[in-house]
Structure formats: C-alpha cells, structure tokens
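Indexing begins at 1, ligand by ligand and atom by atom, following the structure's order. Values in this document were obtained by computation on a predicted structure and should not be read as measured data. Note that these values count all heavy atoms, side chains included, but never hydrogens, waters or copies made by symmetry.
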Amino acid sequence: MTVLVTGGAGYIGSHMVWELLDAGESVVVLDRLSTGFEWAVAPEAKLVVGDVADKELIGGIIRDNHVDAIIHFAGSVVVPESVADPLAYYENNTSKTRTLIETAVREGVPHFIFSSTAAVYGGAGLEPVREDARLAPESPYGLSKLMSEWMLRDASLAHDIRYTALRYFNVAGADPKGRTGQSTPGATHLIKVACETALGKRPFMQVFGTDYPTPDGTCMRDYIHVSDLAAAHRLALQRLRAGGRSLVANCGYSHGYSVLEVIESVRRAFGRDFEVKMGDRRPGDAAAVVANSDLARTELGWTPQRDDLDQIVADALAWERILTSKNSARG
Ligand code: UDP
C-alpha cells in the first residue's frame, strides 16, 4: 500500500511526507514544483512532477504503486490572490480537485484526505468555532476549498470512497529535526514574517491593526505546529483504513494568541529586538479565529505534542536560519 501525497514538495506536504516515512509508509509525491521545491521532498519518497488533473498520469501512479490513499495538499493558498484572480482559484483548487476525486473513484482508491481551511467559516468571533458553525467563506480561496469538501461529501455518498477533510487554522513552525520548513519567498504569514525580520531579511515588520475588540487590540489566531497537523493526517489515514466514516474536523489548538504575543515570542526566541511598526488593519482580517478541536481529539485520537507558541516560533526561526544557509550556498 502506498500513499499518494499531492503538493508533497510544498510547506505542509513536505512535512506530511516525513511523517508518513517516519511511520514506515511508502510514499509517492506528485507536485508541479510551481511553488514547491524538489529538495523539500524526502529522498525516500518517489517524486513525480506533474499536475493533479492529469488523469492518465495519476491513474498510472495509482496502479503502479498500489495507492490506497490520497492526501491532497496541492492547490493555491494566497487569500488576496484569490480575490484578484478568483477563476484561477476555482480552476486550481476546485476544478482540479474534482478531476482528482474522479480519478480516485475510477481507480478504486478508497481513502481521500483533503486539506481544507478555517477560511470556510468566514469571520469567526472570539469563541472557538465548531465544525457545524455557519459556513460563510469571505474569499474565493475559502469557497474553492468548501466546494471541494462538498464534492467529496457527495462523491462519498455515491461511490466507494471515504474521506477526511481537515480544516486548518494558522499553520506555522517547521520540522523540529530541521528537515523541511516554510520556504516560499515573499511570505505573508505572521510568524514567518517576524522570523525574517528578526534575522534582518526585512528592515521592519508591521502589526496590521491595533484597534480590534481583543484584549490587546491586535488580531488573535490559533497557531498550530505543522508537525501536529501532519500527525492529525496520519491519524486520519489510520482511521479511514480501519473503516472510519467520512469526517470533517478542525485542526487547531483551541486557544488564540494575539499578533503582539507572537512578536514577543519571536523576540524571546531571537534574544534581541527588531523593528515593529504599528499599522492599519489589513482588509479582510477577522478579529479572532480560534478552533474548537474536540472532534479531532475524539474522532482521530489526536493529542497535540507541540501546543506551545514558543516552540512553534523556535522551530520556525531555526528553519529560517537553515534556509538562509541553503540559499547562500546556492549563491
Ligand atoms: N499580521 C500582521 N503583520 C504581518 C502579517 C500578519 O500583523 O506582517 C497579522 C494579520 O493581520 C493577522 C495575523 O497576523 O491578524 C495572522 O495573519 P496571517 O497572514 O499569518 O494568517 P491569516 O490568519 O491571515 O491566515
């Protein structure tokens, strides 16, 4: 049995590949390498460069490798980009996922794990959000993922395929063993931006909004360590293989940190100060987005191992340093 990981050369996908290999699984990665990196794919995994909508290619991979599960990370993930170019997001995230599900059904792959997002909920309040909360994506990105969840639901009712969709909150950090991390240039995510600033890759960073209805006025998010997220997928795979029913579950720690708390944590990890400017709100940001993760804990038996902001930040910073030396070695 082999697991096919789409987008396995990307940030979360590359962690997933290590998680599976560490658990003794056989892994094939499919990646276009448009934003991912060949070097990010663990050498023990087989890498196929190609597109998830290439039915012939995927069919061949499934048959040749006896694939019994697909973990589907490939897709576009930049919210403002999805607002500027919605049709590209519906093509890349929704249409291509439809084709991939169709191929999975045709080839008889029984298990499908899908990377979804907290963006399906739209503006959440200060209370942790449950899976049955109102679904109101505020961006084409969120909607492109929600439509994929719905296609999986309907396909699983009609065909012999079961799925797990995991709705990620704010994924951050890096492999604690330093094997992979967030490597995409031009990052916009808070922890990565703060680490880059600490290391002098940016002259300063900005806090987007200080007048939110939160305890310190800055936005609150539920930051989850990427290794805990990969572990949740592995548990989801185990559960599906054991006959578990289809499931949609949040992946977060159920508590939030403010932007200022995150920056303080980066200062602690770095040991020195760096320049932070207070700026205006960024359009589209909700005041707080925090998961209720009871379902993942009970259904998947998920017990996070790295629920500690300082550890998330320390691992992100360590990876940022590794990335600096990788990039300078490449000239
Ligand atoms: N943020 C910030 N400065 C930055 C990047 C992000 O103040 O340079 C804030 C952003 O406004 C949001 C939080 O940090 O409130 C998390 O943003 P991120 O882009 O990491 O994730 P999102 O929650 O938007 O998916």
Q: Without swapping roles, check the side chain of S144 against the backbone of T94 for a donor-acceptor pair under 3.5 Å.
A: no
Q) Y141 vs Y89 aromatic rings, parallel, tilted or perpendicular, using cut-offs 30° and 60°? A) perpendicular
Q: Report yes or no: is the cationic atom of R281 (NZ for Lys, CZ for Arg) closer than 6.0 Å to the six-membered ring centre of Y212, at no more than 45° off its axis?
A: yes
Q: Let me know which protein residues bring a heavy atom to under 4.0 Å of ligand 1; chain then number is fine for ordering.
A: N170, T188, H189, L190, V193, Q206, V207, F208, C219, R221, Y223, V259, R282, D285
Q) Which residues satisfy the side-chain hydrogen bond (donor to acceptor under 3.5 Å, both in side chains) test with T103, sequence neighbours excluded? A) none
Q.
Less than 6.0 angstrom separating the ring centers of F114 and H233, yes or no?
A. no
Q: Step through it carefully: locate the ring centre of H255, locate the ring centre of Y257, and say whether they are under 6.0 Å apart.
A: yes
